Amino acid sequence: MRSTEITPEKDGEQVKVAGWVHEVRDLGGLVFIVLRDREGFLQITLPKKVIERETFNRARKISRESVIKVEGVVKKEEKAPNGFEIIPKTIEVLNESLAPLPLEVTEKVPADLDTRLDNRFIDLRRPKINAIFRIKSQVVRSIREFLYEEGFIEVQTPKIVSTATEGGTELFPISYFEKEAFLNQSPQLYKQIMMSAGFEKVFEIGPIFRAEEHNTTRHLNEATSIDIEMSFTDHEGVMKILERLIARVYADVLEKCGKFLQILELNLEVPKIPFPRISYSSALEIVRRSREIPWGEDLDLQALKILGAEIGGLYFITDWPTKIKPFYVMTFEDERISKSFDLMHGYIELASGAQREHRYERLVENIKAKGLHPESFEFYLKAFRYGMPPHAGWGLGLERLLMAMLNLGNIREAMLFPRDRTRISP
RNA sequence: GCCCGGGUGGUGUAGUCCGGCCCAACAUGUGGGCCUGUCGAGCCCACGCCCCGGGUUCAAAUCCCGGCCCGGGCGCCA
């Protein structure tokens, strides 16, 4: 049985429980073992007079974090946490833990993030850390459910690619027999090809790799991207999907992860849709009250912080200058402006999307205009020559979303085993 | 890539500025002991640490040089 399945009403019932020894409090004639399992804590109480001597003496010496199995009787008890305790008949040590521990699971002494990540298996035993990933699981589940309900088809695209970069980020080169290859920075080009293939609505949840030497609390070199692509719609259409998706995720987490939110001491609110939309040009006006940025330049961190403070919460920045967006975005009639958007949370960018350029000739021009070579994109361009519908899509950073939602101070907290500038293990 | 900050028991900190009073302190931990209502249990005893290599000096955790490692900010990027 799990800890949460037992209540004071089960008084007198025989139960089997298993888990980790969180703490042992030895009072001499009375020993308490705090047992921790996946769902919470249980108190095993051993009064010296009642327990068999051998069991009693062995139990008080069990090292913290050892894995034990307990068979015993539930006893309703006002003085016990949650109103009950278990009086054991037998205690079996399934696996003994070494001491001292690499870090304190009881959180009496804090540990640096670096120490925690080096010992992640034990760090994750801490309820607060565990809660993050229980919520992450629900987030992914909600996203999947929502997109399936909306008629999307889940796809898997390659993570090993040969193409030159689509622009922007650096790629990790890898050794691939006699060929040059890279880890994919995003499923962008492949999900667009799926539009030509006639899937109409696709999504993918998978890893992306960025070989940037950044060293900040909001960047990872391996992250999880949630990507959608949708035919016969425009940027407005996919923005609506995105805000509904975000609201759904918040609502589900609120409904199904109350316990974990409580552990994290978070008060989550479901964001109201539609999210505020502000054009790049209007955003620039706000920023210019305190800082000069010429039209057409990207908004740097300082600018985004000004905006985040001004607007707050979740909002879209739309109509970005074409020159700072990738070749695949579609422009308005005024070609300086693109049908693109970023979803922001404060100053953190969560997602970015656009209507795509589906017209072959225009696309080739765009590639050339970015100083790239159309020949390197032949596998991609081919899909545009034989019937490509108009389409739009976006990519959403899962860890960024989690960071924003749970107010995490460091994106590494949102990844089980983060990969950053210096860390590739564990 | 640029710029800051840091490395002291298993863990987290103090001490470094201004060298000696530091064979290094505190908490947690670990080992042992006492204790029948703990829930950050309490009390007593013990154990355990100055990143590496040079240098300066009568004397280095402390100052200087080099190295390794880590954190953060900016840039870039999602």
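The shown structure was predicted, so the numbers you read here are calculated from the model rather than taken from an experiment. First the proteins, then the strands, lettered A, B, ... as listed; each starts at 1.
Side-chain atoms of A/K370 come within 3.5 Å of backbone N or O of A/K325 as a donor-acceptor pair. A/R421 places no side-chain N or O within donor-acceptor distance of the main-chain N or O of A/H214, the cut-off being under 3.5 Å.
Comparing the same atom, C1', in B/rU16 and in B/rC50 gives a spacing of 11 Å after rounding to whole Å. Comparing the P positions of B/rC3 and B/rC47 gives a spacing of 47 Å, expressed to the nearest Å. Rounded to whole Å, the separation between the C1' atoms of B/rC23 and B/rG9 comes to 15 Å. Rounded to the nearest Å, the gap between the C1' atom of B/rC63 and that of B/rG19 is 7 Å. With C1' as the reference atom, B/rG40 and B/rC51 are 32 Å apart, rounded to whole Å. Comparing the P positions of B/rA24 and B/rG48 gives a spacing of 10 Å, expressed to the nearest Å. Between B/rC4 and B/rG66, the two P atoms lie 14 Å apart (nearest whole Å). If you take atom P in B/rA61 and the same atom in B/rC22, they sit 13 Å apart, rounded to whole Å.
Heavy-atom distances under 4.0 Å link RNA chain B to A/Q43, A/K49 of residues 33-50 of chain A, given in residue order. Contacts between residues 289-296 of chain A and RNA chain B, defined by a heavy-atom separation under 4.0 Å, are absent.
The distance from atom CG of A/D26 to atom C1' of B/rC34 is 10 Å, rounded to the nearest whole Å. In this structure, A/K79 places its NZ atom 19 Å from P of B/rA41, rounding to the nearest Å. Remark: P of B/rU13 and NZ of A/K108 are 18 Å apart, rounded to the nearest angstrom. Rounded to whole Å, the distance from CG on A/L299 to C1' on B/rC77 is 14 Å. As rounded to whole Å, 13 Å separates atom P of B/rU30 from atom CD of A/E96. Put simply, CZ on A/R64 is 9 Å from P on B/rA41, counting in whole angstrom units. Spacing between atom CD of A/E77 and atom P of B/rU36 amounts to 17 Å, rounded to whole angstrom units. Distance, A/R400 CZ to B/rC77 P: 12 Å, rounded to whole Å.
Residue-level contact check: A/A80 touches the bases, meaning some heavy atom is under 4.0 Å from a base atom. Contact annotation for A/E85: base contact, defined as any heavy-atom pair under 4.0 Å involving a base atom. When heavy atoms are screened at a 4.0 angstrom cut-off, A/S225 is found touching no nucleic acid atom at all. Within the nucleic acid shown, A/T217 comes within 4.0 Å of sugar-phosphate atoms alone, with no base atom in reach, counting heavy atoms only. Residue contacts shown for A/K305 are limited to sugar-phosphate atoms, with no base heavy atom under 4.0 Å away. Using a 4.0 Å heavy-atom cutoff across all strands shown, A/R412 reaches sugar-phosphate atoms only and no base atom. At the heavy-atom level, A/D112 lies under 4.0 Å from the strands shown only through sugar-phosphate atoms. Within the nucleic acid shown, A/I208 has no heavy atom closer than 4.0 Å to any nucleic acid atom.
Looking at A/Q302 and A/R291, their side chains do bring a donor and an acceptor atom within 3.5 Å of each other. Between the side chains of A/E85 and A/T45, at least one donor-acceptor pair of N or O atoms lies under 3.5 Å. No donor-acceptor contact under 3.5 angstrom links the side chains of A/S281 and A/E285, judged on distance only.
Between A/F32 and A/P102, the residue anchored nearer the 5' end of RNA chain B, judged by the nucleotide with its closest heavy atom, is A/P102. Nucleotides of RNA chain B nearest to A/E23 and A/A111 differ in position, and the one nearer the 5' end is that of A/A111.
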Check against side-chain hydrogen bond (donor to acceptor under 3.5 Å, both in side chains), A/T106 and A/E23:
CA-CA 8 Å; A/T106 52; A/E23 275 185 290; 5.4 Å; no
Start with the C-alpha gap between A/H219 and A/D420, add the side-chain angles, then the distance that decides, and say whether side chain to side chain contact (heavy atoms under 4.5 Å, CB included) holds.
CA-CA 8 Å; A/H219 293 278; A/D420 62 27; over 6 Å; no
In sequence, state the C-alpha distance, the side-chain angles, and the governing distance for A/W394 and A/M230, and then conclude on side chain to side chain contact (heavy atoms under 4.5 Å, CB included).
CA-CA 9 Å; A/W394 44 252; A/M230 187 172 170; over 6 Å; no
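Taking the six-membered ring for Trp and the full ring otherwise, A/F133 and A/F260 have centroids separated by 6.0 Å or more. Aromatic ring centres of A/Y328 and A/Y380: separated by at least 6.0 Å. A distance of 6.0 Å or more separates the ring centres of A/F172 and A/F209. Between A/F203 and A/Y148, the distance from one ring center to the other falls under 6.0 angstrom. For A/F332 and A/H235, the distance between ring centers is under 6.0 angstrom.
The side chain of A/K61 lies closest to B/rG32, out of B/rG32, B/rC77, B/rC74. Checking B/rU11, B/rC77, B/rG33 against the side-chain heavy atoms of A/V109 singles out B/rU11 as nearest. Looking at the side chain of A/T422, the nearest of the listed nucleotides B/rU38, B/rC70, B/rG72 is B/rC70. Across B/rC76, B/rU38, B/rG37, the shortest atom-to-atom separation from the side chain of A/H219 is found for B/rC76.
Using the Watson-Crick or G-U wobble rule with both distances under 3.5 Å, B/rU56 pairs with nothing in any strand shown. In this structure, B/rG1 forms a base pair with B/rC74, meeting either the Watson-Crick or the G-U wobble geometry with both donor-acceptor distances under 3.5 Å. Partner assigned to B/rC23 is none, using Watson-Crick or G-U wobble distances below 3.5 angstrom. Base pairing analysis places B/rG42 opposite B/rC34; the two distances defining the Watson-Crick or G-U wobble pair are each below 3.5 Å. With both pairing distances under 3.5 Å, B/rU28 is matched to B/rG10 as a Watson-Crick or G-U wobble pair.
Of the side-chain N and O atoms in A/N410, one or more sit less than 4.0 angstrom from OP1 or OP2 of B/rG72. Here A/R60 does not reach the OP1 or OP2 of B/rU38: none of its side-chain N or O atoms lies under 4.0 Å away. For the OP1/OP2 pair of B/rG12 and a distance below 4.0 Å, the side-chain nitrogens and oxygens of A/T115 include at least one atom meeting the criterion. Regarding contacts with the backbone of B/rC74, a side-chain N or O of A/R218 is found under 4.0 angstrom from either OP1 or OP2.
Between the base of B/rG29 and the side chain of A/E104 there is no donor-acceptor pair shorter than 3.5 Å.
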